[in-house]
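Here is how names work: the chains are called A, B, and so on, in the same order as the sequence lines, proteins then strands, and each is numbered from 1. Only a predicted model underlies this, so the values are computations on that prediction, with no experimental measurement involved.
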Protein chains: 2
Amino acid sequence: MTIPRAAKTLRRTRIQEEKEERILEAALDVFSVSGFRGSTIDQIAEAAGMSKPNLLYYFRTKEAMHRALIDRVLFTWLEPLRAFDAEGNPEAEIRSYIRRKLEMARDFPRESRLFANEILQGAPHIEDELKGPLKELVDEKAEVIRAWVRAGKIAKCDPYHLIFSIWATTQHYADFDVQVRAVLGQNHAGEGRFEDAARFLEQLFMNGLRPRQASSAP
Amino acid sequence: MTIPRAAKTLRRTRIQEEKEERILEAALDVFSVSGFRGSTIDQIAEAAGMSKPNLLYYFRTKEAMHRALIDRVLFTWLEPLRAFDAEGNPEAEIRSYIRRKLEMARDFPRESRLFANEILQGAPHIEDELKGPLKELVDEKAEVIRAWVRAGKIAKCDPYHLIFSIWATTQHYADFDVQVRAVLGQNHAGEGRFEDAARFLEQLFMNGLRPRQASSAP
DNA sequence: GTAATGTTTTACCAATCGGTCAAATTATCG
DNA sequence: CGATAATTTGACCGATTGGTAAAACATTAC
């Protein structure tokens with residue numbers, strides 16, 4: 001007798017690892033384009049080169065696939081913000097945060113769009129993660145930024161909106177990629193796009209945040 | 001004999017205007033949340049308080065509703081960029097562009113999300129508008145900005161990425177509203193949010209774009 | 001080997017999807 | 001009023017949806 005989906009948690013087969021990996025990869029392709037509601041299990045099955053009931057053998061529902069995907073991706077996604085170091089040099093920290101976020105937009109656009117789709121549609125599946133772990137992490141880093149402001153190391157500004165604007169500007173190149181390409185056209189649409197964006201954003205934020213009034217230089 | 005959908009173009013009834021208006025309003029509610037694929041005619045019908053076949057009397061297909069909505073909203077959406085004035089004062093023009101875009105994110109979040117959903121999903125229905133009218137408008141305004149740079153009125157920067165970053169930062173407050181609320185929590189989540197955002201973004205862009213090296217002052 | 005377990009497929013289901021049709025209802029106009 | 005056109009509805013259609021059941025097939029353990 002075959003103990004169906006319960007036994008999986010006891011011992012994981014090599015086949016299970018491979019297939020679950022393949023399914024999540026396909027699910028990322030599909031969910032990142034069409035969002036949860038707009039995606040179908042059949043689409044994911046076809047992308048994975050597997051039959052629909054076979055997918056449902058590994059993930060009981062469409063929602064289970066989505067959730068597994070979110071869980072797997074969320075941790076990595078927040079890595080750059082976590083790396084934000086209170087002890088580091090403010091200018092260097094912000095600069096490298098922008099750079100890392102931009103690299104992620106370039107290298108993991110599907111992951112970016114997965115979250116964008118989810119949040120855009122009201123975040124019905126990740127509300128808890130936003131209000132819990134995400135908020136806590138941002139609160140922590142906002143405090144770091146606030147300390148830099150108090151020390152006069154960067155211009156006086158709202159740390160939350162600073163973080164939002166870095167998220168927005170960098171992820172824009174993943175989420176709105178078609179629009180960026182359409183507007184830039186053939187001329188600047190080459191792979192120099194990301195270098196241009198990096199140069200612009202670094203300039204914008206570095207000049208925009210340079211302390212203006214009081215100086216803390218010894 | 002009732003001439004169904006052809007006669008509509010000849011003479012428009014009062015009822016037609018009202019019902020089409022009601023349908024598009026409901027369609028905006030639904031499409032802006034779930035995107036084209038994720039939305040159903042039944043959802044729109046329920047939101048409009050009408051029967052499904054009645055919707056389809058006014059718009060032959062789901063796509064026709066979506067297209068009508070896009071067409072109606074796109075023009076208004078680009079208004080702030082169109083208002084960008086080459087003769088005006090660069091600092092004031094950019095500042096008021098940011099402000100107007102932010103006001104639109106606050107007052108028309110559904111419209112913002114409608115486009116965000118569409119572009120995120122590869123812009124299958126508005127590719128032509130992006131590559132045509134939008135690109136032309138942006139090209140024109142980019143030239144204006146480039147002239148300001150040449151005249152030393154603002155810092156040297158890529159005009160396209162400047163426009164992208166204004167789009168990204170302002171629309172973020174409409175498209176990622178749930179996330180913004182979740183992160184800000186109860187404390188700053190009040191309606192002061194938009195004033196705080198406006199203050200931050202104005203500071204960022206004004207300082208970020210102030211000419212640094214050569215001065216053009218007479 | 002063979003028996004038990006793990007995996008995959010075929011056939012299927014009820015619900016929902018976008019959309020049609022003809023009949024019923026309502027508004028308009030002379 | 002009556003006739004004609006405009007609007008609305010209920011019943012329905014084939015395709016697709018998320019998901020199931022059971023048997024066929026493959027793998028592993030002994």
Side-chain angles (χ1 to χ4, degrees), chain A residues 1-27 29-31 33-69 121 124-125, chain B residues 1-27 29-31 33-69 121 124-125:
Chain A
M1 173 215 185
T2 158
I3 306 163
R5 250 99 47 165
K8 283 207 310 176
T9 55
L10 298 180
R11 230 194 311 173
R12 289 174 59 85
T13 326
R14 170 186 50 86
I15 296 183
Q16 274 173 26
E17 305 240 18
E18 286 176 11
K19 291 296 165 71
E20 285 177 11
E21 176 63 36
R22 231 168 87 188
I23 292 170
L24 290 180
E25 177 68 16
D29 271 343
V30 176
F31 282 136
V33 168
S34 303
F36 183 76
R37 285 224 50 194
S39 302
T40 73
I41 302 182
D42 296 83
Q43 287 176 328
I44 299 172
E46 201 197 331
M50 299 166 68
S51 71
K52 180 167 63 168
N54 202 1
L55 287 211
L56 291 163
Y57 172 75
Y58 292 101
F59 297 93
R60 280 208 295 256
T61 63
K62 185 168 98 166
E63 234 182 283
M65 289 180 218
H66 193 253
R67 168 129 301 272
L69 197 53
Q121 310 192 354
H125 305 94
Chain B
M1 172 218 185
T2 157
I3 306 162
R5 249 98 49 165
K8 285 206 309 174
T9 56
L10 298 180
R11 232 195 309 175
R12 290 175 58 86
T13 326
R14 170 185 52 87
I15 295 183
Q16 274 173 25
E17 304 240 20
E18 285 177 12
K19 291 296 167 70
E20 286 178 11
E21 176 63 35
R22 232 167 87 186
I23 293 170
L24 290 181
E25 176 68 16
D29 271 343
V30 176
F31 283 136
V33 169
S34 304
F36 183 76
R37 285 222 52 195
S39 303
T40 72
I41 302 183
D42 295 81
Q43 287 177 326
I44 300 173
E46 202 196 331
M50 298 166 68
S51 71
K52 180 166 65 168
N54 201 1
L55 286 212
L56 291 163
Y57 172 75
Y58 292 101
F59 297 93
R60 282 208 294 258
T61 64
K62 185 168 99 166
E63 233 181 287
M65 288 180 220
H66 192 253
R67 168 128 300 274
L69 198 53
Q121 310 193 355
H125 305 96

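Between the CG atom of A:Asn54 and the P atom of D:dA24 there is a distance of 18 Å, given to the nearest Å. One interatomic measurement links the two molecules: OH of B:Tyr57 to C1' of D:dA5, which rounds to 9 Å at whole-angstrom precision. The distance from atom CD of A:Glu63 to atom P of D:dT17 is 18 Å, rounded to the nearest whole Å. A straight line from CZ of B:Phe59 to P of D:dT7 spans 13 Å, rounded to a whole angstrom. As rounded to whole Å, 18 Å separates atom P of C:dG19 from atom OH of B:Tyr58. Straight-line distance from the NZ atom of A:Lys19 to the C1' atom of C:dT8: 8 Å, rounded to whole Å. Between A:Ile23 atom CD1 and C:dT7 atom P there is a gap of 11 Å when expressed in whole angstrom units.
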Please produce a list of atom pairs where a protein N or O lies less than 3.5 Å from an N or O of nucleotides 15-18 of chain C.
residue: C:dG18; atom: OP1; partner: B:Ser39; partner atom: O; Å: 3.2
residue: C:dG18; atom: OP1; partner: B:Lys62; partner atom: NZ; Å: 3.1
residue: C:dG18; atom: OP2; partner: B:Ile41; partner atom: N; Å: 3.0
residue: C:dG18; atom: N7; partner: B:Lys52; partner atom: NZ; Å: 3.0

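For B:Glu63, the side chain to side chain donor-acceptor pair (under 3.5 Å) test picks out no residue, with sequence neighbours left out. In terms of the salt bridge (Lys or Arg N to Asp or Glu O under 4.0 Å) criterion, residue partners of B:Glu25 (sequence neighbours excluded) are, by chain and number, B:Arg110.
Shown here for B:Lys19 and B:Met50, the closest heavy-atom pair between the two residues is CD-CE, 3.8 Å.
In this structure, NZ on B:Lys62 lies 4.5 Å from CZ on B:Phe36, to the nearest 0.5 angstrom. The distance from the OH atom of B:Tyr58 to the CD atom of B:Glu17 is 11.0 Å, given to the nearest 0.5 Å. We find the CD-CG distance between A:Gln43 and A:Asp29 to be 11.0 Å, quoted to the nearest 0.5 Å.
When the nucleotides C:dT10, D:dT8, C:dC21 are ranked by their closest atom to the side chain of B:Pro53, C:dC21 comes out on top.
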